[in-house]
J.: 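Before I ask anything, here is the structure I am working with.
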There are 2 protein chains.
Amino acid sequence: MMDERLRKPRIDDVARRAGVSTATVSRALATPDQVKPKTRAAVEKAVLETGYVLNVAARNLRTNRTHAVLAVVPDVANIFFSQVLRGISDTLHQHGYRLVIADTGNDPERERDHAEFAQAGWVDGLLLLNGRLLPTPPGGRRRLAVPTVSLCERIPGSDIPYVETANREAARAMTEHLLQLGHRRIGYVCGPPNNILEHDRFAGYRDALAARGLVPDLALVRPGDYTLAAGEAAASAYLALPELPDAVFASNDAMAMGLIRGFTAAGLSVPEAISIAGFDDIEFAGAYNPALTTVHQARSEIGARATTMLIDLIEGRQPASREVHLPAEIVMRDSTRER
Amino acid sequence: MMDERLRKPRIDDVARRAGVSTATVSRALATPDQVKPKTRAAVEKAVLETGYVLNVAARNLRTNRTHAVLAVVPDVANIFFSQVLRGISDTLHQHGYRLVIADTGNDPERERDHAEFAQAGWVDGLLLLNGRLLPTPPGGRRRLAVPTVSLCERIPGSDIPYVETANREAARAMTEHLLQLGHRRIGYVCGPPNNILEHDRFAGYRDALAARGLVPDLALVRPGDYTLAAGEAAASAYLALPELPDAVFASNDAMAMGLIRGFTAAGLSVPEAISIAGFDDIEFAGAYNPALTTVHQARSEIGARATTMLIDLIEGRQPASREVHLPAEIVMRDSTRER
DNA sequence: TTTCGATTTGTAATCGATTACATTTTTTCC
DNA sequence: GGAAAAAATGTAATCGATTACAAATCGAAA
């Protein structure tokens, strides 16, 4: 008796109460129009009375589906990724899926662990927000992989479908913008060397210069690692040069902000003395002082597109395209001006 | 034959290959030291050979545990929450749990949906990063709730354990800091009116003034909603006053940045003409121009503490405390100075 | 009214692991 | 070497749903 009230009600408790079979209860809940309205009502009543909640594990086991998708993210706290996640989350929700996030903290071991767990039927699909992970089939042999899409960074040498920003074209456009403003000595602050995004962006920078018959002055190309500090360091390096650049294009916004801080701390004002451009259009780029000219990536759009692709894959449809390059947009604000 | 190679191997395939029973395989994998080293090796070999991966759904069903925790977040793209998530994710990982994130997009319907699903055995515990959600027991009657902890905002009128920043004390300390710098006409830009955090922060502001026998000048208290635009609007409002405040304390960083932008746009320099302080110490507060004086919340620490509490609850231990107020720290940077 | 097809419902097998309990093997100790 | 204790392994029930197939019910046409 007391047991009855405490034990979690199961589908057969509902069935008994409604005077039908478990099959009917299951159908009344999952496919209501396969069931006579009258029985359906009886079942719904019984569900309410018993406080029945379906057991997800049992359903997953039986149907071999979870209606969940795993996103493997290097760092949820990174504002860039978190906005992509927003696009993912919304799109999944629209299609009746749930989101499981694995924050790997940039730890390859954790990445592998999660990718492996994904194969265990823990989710129906996999979104990789990181170009590094090459999910080796579990056990290193057979490939029974879960549908997978990568985004933000394509995975070099793999045939996993992906969605990313057209980095090269965007960097080229931004560099052209600076050239059009009359700048000629244009500096560039790099991202981490073996990053594929960085590779594309730097190529775009050189494309634009080459189109005008210019070659990059190596003294104006500074190393960096996407941190504010790297931008500040680059600013010091430029200040030590006999002649300052007219403008500097940083391959992300944090470094652009570092440059601005470095230059203003030295008494140079931006954009009067020097123009600075960034890449990413992170949330505070527009709020910065001065507001940052930068490349806007449609972050949630990237997430949304990749998710649509993944759902197509999961549900056995052929996605419209396996390689999507989303155009980015130059946002002109106050950190650049005509020479 | 071909089937053999394509079908996903199950535990009994491994058992057969290793020449043991399924029970032994299960033990060899889950509790290796309950099994003779020799058999264990045989099982491991068979696992590799077959490419076996355990079926999560089956295990979850049988054990009635998932080793996953659901975090219900109003907005993953919000930098504040995403850093809390980082603390959550790390702590969970340390204890062998996984993180499931439900981004509700501030939609109460989605919140309820997720909370309900959590009861379905989809996760072992629930973390609520939002003060609004009062998870009604499913069906509105029986309460067989999953262990739950709320964080960031306590849930008024509920007995759910929580972890939050000591907002009132922190706001009081920041206001005192401004008073000590010699400021007397101290403005305050509010957050959304019925937000419990805001309530606490405003109370702290008044506490500090009251301690000096001052009463807040209502003309200096401006409404806001945690957005940059609200800060800019407040700046305009202050500029329209016959006499400017000496300093303004904004109840979050975005609004503080808006104030700085508004004042500098009007030709006033910060902190020379007016001191500005924020609250939260978001990622770019230190990178701002000028670097923002603000209240640092230990965001990942909040996540970590709440997670520890939740795991205690899940594993049947009594958590050390059911209400944790973490002290915050004033970070003095360049946006405030002596009068 | 009867019959046939369509609709609705029920019976029972099934998904793939874990684990209580029983049984066998190994170790310990006199 | 043998008895008792400890360790290792095996047998089979079990978790809670879904669904193929069979059976029952219903409605419409003849």
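A note on names: the letters A, B, ... follow the listed sequences, proteins ahead of strands, and every chain is numbered from 1.
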J.: Closer to the 5' end of DNA chain D via nearest nucleotide, is it A/Asn55 or B/Thr22?
T.: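 Nearest-nucleotide comparison on DNA chain D picks B/Thr22.
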
J.: Within the distance-only criterion (no hydrogens, no angle test), does the side chain of A/Asp124 pair as donor or acceptor with the backbone N or O of A/His67 below 3.5 angstrom?
T.: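 Looks like yes, one N/O pair under 3.5 Å.
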
J.: Reckon A/Tyr52 has a side-chain N or O less than 4.0 Å from the OP1 or OP2 of D/dG16?
T.: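 For D/dG16, neither OP1 nor OP2 has a side-chain N or O of A/Tyr52 closer than 4.0 Å.
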
J.: Roughly how many Å is it from CH2 in A/Trp122 to C1' in C/dA17, rounded to a whole number?
T.: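 Interatomic distance, CH2 of A/Trp122 to C1' of C/dA17: 16 Å.
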
J.: Rounding to an integer number of Å, can you tell me how far B/Lys38 NZ sits from C/dT25 P?
T.: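 In whole Å, C/dT25 P lies 14 Å from B/Lys38 NZ.
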
J.: Might you point out which heavy atoms bring A/Leu54 and B/Ala120 nearest each other, and give the distance in Å?
T.: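 Heavy-atom minimum between the residues: O-CB, 3.0 Å.
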
J.: Whole angstroms only, please: what is the CG-P distance between A/Leu54 and D/dC15?
T.: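 Checked: the CG to P distance equals 16 Å.
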
J.: With sequence neighbours excluded, what pairs up with A/Asp90 under the side-chain contact (heavy atoms from CB on, under 4.5 Å) test?
T.: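 Result, side-chain contact (heavy atoms from CB on, under 4.5 Å) vs A/Asp90: A/Arg86, B/Arg110.
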
J.: Is there a donor-acceptor pair under 3.5 Å between the side chain of A/Arg154 and the backbone N or O of A/Tyr162?
T.: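 No; judged by distance alone, with no hydrogens or angles, the pair does not exist.
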
J.: Do A/Ile155 and A/Ile196 come within less than 4.5 Å of each other through their side chains, counting heavy atoms only?
T.: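 With C-beta onward as the side chain, the pair stays apart.
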
J.: To the nearest angstrom, how far is B/Ile11 atom CD1 from C/dC15 atom P?
T.: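 So the two atoms are 15 Å apart, to the nearest Å.
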
J.: For atom CZ of B/Arg299, decide whether the heavy atoms of other residues, nucleotides or ligands shown that lie under 6.0 angstrom number more than 12.
T.: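 It does: B/Arg299 CZ has more than 12 such atoms within range.
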
J.: Quick one: pull up CZ in A/Phe81 and CD1 in A/Ile88 and give me the separation to the nearest 0.5 Å.
T.: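 So the gap between those two atoms works out to 10.0 Å.
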
J.: Evaluate whether atom CG of A/Asp12 has more than 12 neighbouring non-hydrogen atoms of other residues, nucleotides or ligands under 6.0 angstrom away.
T.: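 Enclosed: over 12 neighbouring heavy atoms sit under 6.0 Å from CG of A/Asp12.
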
J.: Please enumerate all residues that pass side-chain contact (heavy atoms from CB on, under 4.5 Å) together with A/Asp113, with sequence neighbours excluded.
T.: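 If we apply the side-chain contact (heavy atoms from CB on, under 4.5 Å) test to A/Asp113, skipping adjacent residues, the hits are B/Arg98.
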
J.: Minimum heavy-atom separation for B/Tyr52 to B/Leu29, with atom names?
T.: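 Where B/Tyr52 meets B/Leu29 most closely, the heavy atoms are CE2-CD1, 3.8 Å.
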
J.: Any residue in residues 57-68 of chain B with a heavy atom nearer than 4.0 angstrom to DNA chain D? Just list them by number, or reply none.
T.: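 Heavy-atom contacts with DNA chain D come from B/Leu61, B/Arg62.
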
J.: Please output the side-chain donor-acceptor pairs of residues 301-310 of chain A that fall under 3.5 Å, not counting sequence neighbours, one pair per line with the distance.
T.:
| residue | atom | partner | partner atom | Å |
| --- | --- | --- | --- | --- |
| A/Thr307 | OG1 | A/Gly303 | O | 2.6 |
| A/Thr308 | OG1 | A/Ala304 | O | 2.8 |

J.: The helix from C/dT1-D/dA30 to C/dC30-D/dG1: angle between its terminal axes, five pairs each, to 10°?
T.: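 The two end axes of the helix from C/dT1-D/dA30 to C/dC30-D/dG1 meet at 30°.
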
J.: Got a list of protein N/O to nucleotides 5-9 of chain C N/O distances below 3.5 Å?
T.:
| residue | atom | partner | partner atom | Å |
| --- | --- | --- | --- | --- |
| C/dT9 | OP1 | A/Thr39 | OG1 | 2.5 |
| C/dT9 | OP2 | A/Lys36 | N | 3.0 |
| C/dT9 | OP2 | A/Thr39 | OG1 | 3.4 |

J.: Could you give the CG-to-C1' distance, from A/Leu29 to D/dA17, as a whole number of Å?
T.: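 My rounded result for the distance is 11 Å.
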
